[in-house]
Amino acid sequence: LAKAGLPGIDFEAVSYTPRSIPNVALRPRFVGQAVTGVRVVVRDVARYTPLEVGMHVLAAVAAEARAKGVAPLISNLAMFHKIAGTKRLHRFVDGGSDGHAMIEAWQGEVRRFSELRSRHLLY
């Protein structure tokens, strides 16, 4: 993730042990087991783009899952499609696209929307 060169953020390796937290997480997965993860540290909120960071994280998780033979990565595909709003994102993830490729794929749509939107802005 650090190699992606995303502006405004850093990634830190972390290790923690999930525990039960009343009214928050009564039975978390892997309770009592040491697990590793990644902490996203926002260094410059003006440059941080959460959606784009999310695409890079999703691509990295998918690549790691493929490398370890974890399949399927997404157990409830219908829900994933609903959350993503399209089946296209799953095709990118399943096809091994990196975060940059996913983001680039929608830039034309963003430009067209921005142009259309600009005619309707009052300020």
Side-chain angles (χ1 to χ4, degrees):
L1 286 169
K3 291 178 185 176
L6 302 175
I9 63 166
D10 289 324
F11 296 97
E12 297 176 352
V14 295
S15 179
Y16 60 97
T17 303
R19 61 184 174 82
S20 178
I21 303 171
N23 299 318
V24 177
L26 294 178
R27 291 179 297 281
R29 291 183 71 181
F30 309 110
V31 67
Q33 299 177 40
V35 296
T36 58
V38 176
R39 176 181 291 128
V40 178
V41 181
V42 178
R43 301 283 183 205
D44 183 350
V45 71
R47 297 178 65 215
Y48 170 61
T49 54
L51 179 61
E52 292 184 9
V53 171
M55 293 301 101
H56 285 276
V57 170
L58 181 59
V61 168
E64 186 71 13
R66 272 191 299 283
K68 292 187 175 183
V70 175
L73 173 63
I74 300 163
S75 61
N76 187 339
L77 197 52
M79 181 58 73
F80 182 83
H81 290 158
K82 287 178 184 177
I83 291 169
T86 178
K87 293 181 179 180
R88 184 169 54 166
L89 181 57
H90 179 252
R91 287 193 297 270
F92 280 118
V93 172
D94 204 39
S97 295
D98 67 7
H100 293 293
M102 288 187 225
I103 294 162
E104 182 57 35
W106 73 62
Q107 292 309 305
E109 295 166 56
V110 170
R111 282 188 292 279
R112 286 190 296 278
F113 175 78
S114 295
E115 291 167 4
L116 178 65
R117 177 181 170 263
S118 68
R119 297 186 301 216
H120 303 284
L121 295 176
L122 298 175
Y123 303 100

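Side chains of V35 and P18 form a contact here, defined as non-hydrogen atoms less than 4.5 Å apart. Within the 4.5 Å cutoff, no side-chain heavy atoms of R19 are placed close to those of T17. You'll find the side chain of M79 stays beyond 4.5 Å of the side chain of I74, heavy atoms only. Taking 4.5 Å as the limit, every side-chain heavy atom of E52 sits out of range of all side-chain heavy atoms of M102.
In this structure, N23 has no side chain to side chain contact (heavy atoms under 4.5 Å, CB included) partners at least two apart in sequence or on a different chain. For E109, the side chain to side chain contact (heavy atoms under 4.5 Å, CB included) partners two or more places apart in sequence, or in a different chain, are R88, W106, R112. For K68, the side-chain hydrogen bond (donor to acceptor under 3.5 Å, both in side chains) test picks out E64, with sequence neighbours left out.
Of the inter-residue distances, the one linking K82 atom NZ with N76 atom CG reads 8.0 Å to the nearest 0.5 angstrom. For the atom pair L58 CG and H90 NE2, the distance stands at 9.5 Å (nearest 0.5 Å). We find the CZ-OG1 distance between F92 and T86 to be 9.0 Å, quoted to the nearest 0.5 Å. Atom NE2 in H81 sits 8.5 Å away from atom CG in L89 (nearest 0.5 Å). The OG atom of S97 lies 11.5 Å from the CD1 atom of I103; values are rounded to the nearest 0.5 Å. Between the CG atom of L6 and the NE2 atom of H100 there is a distance of 6.0 Å, given to the nearest 0.5 Å.
Hydrophobic clustering of Ile, Leu, Val, Met, Phe, Trp and Tyr side chains at less than 4.5 Å, counting indirect connections, unites V110 with Y48. Two different hydrophobic clusters hold L77 and V70 under the rule that ILVMFWY side chains link at heavy-atom gaps under 4.5 Å. Hydrophobic clustering places V53 together with L51 (ILVMFWY residues linked when any side-chain heavy atoms are closer than 4.5 Å, directly or through intermediates). No continuous path of ILVMFWY side-chain contacts below 4.5 Å connects Y16 to V41, so the two sit in separate hydrophobic clusters. Linking ILVMFWY side-chain heavy atoms closer than 4.5 Å, directly or via other members, places V14 and V40 in two distinct hydrophobic clusters.
Counting non-hydrogen atoms of other residues, nucleotides and ligands closer than 6.0 Å to CZ of R43 gives a total above 12.
The nearest pair of heavy atoms linking V42 to I9 is CA-CG2, 4.1 Å. The shortest heavy-atom contact between S20 and V31 is N-CG2, 4.0 Å.
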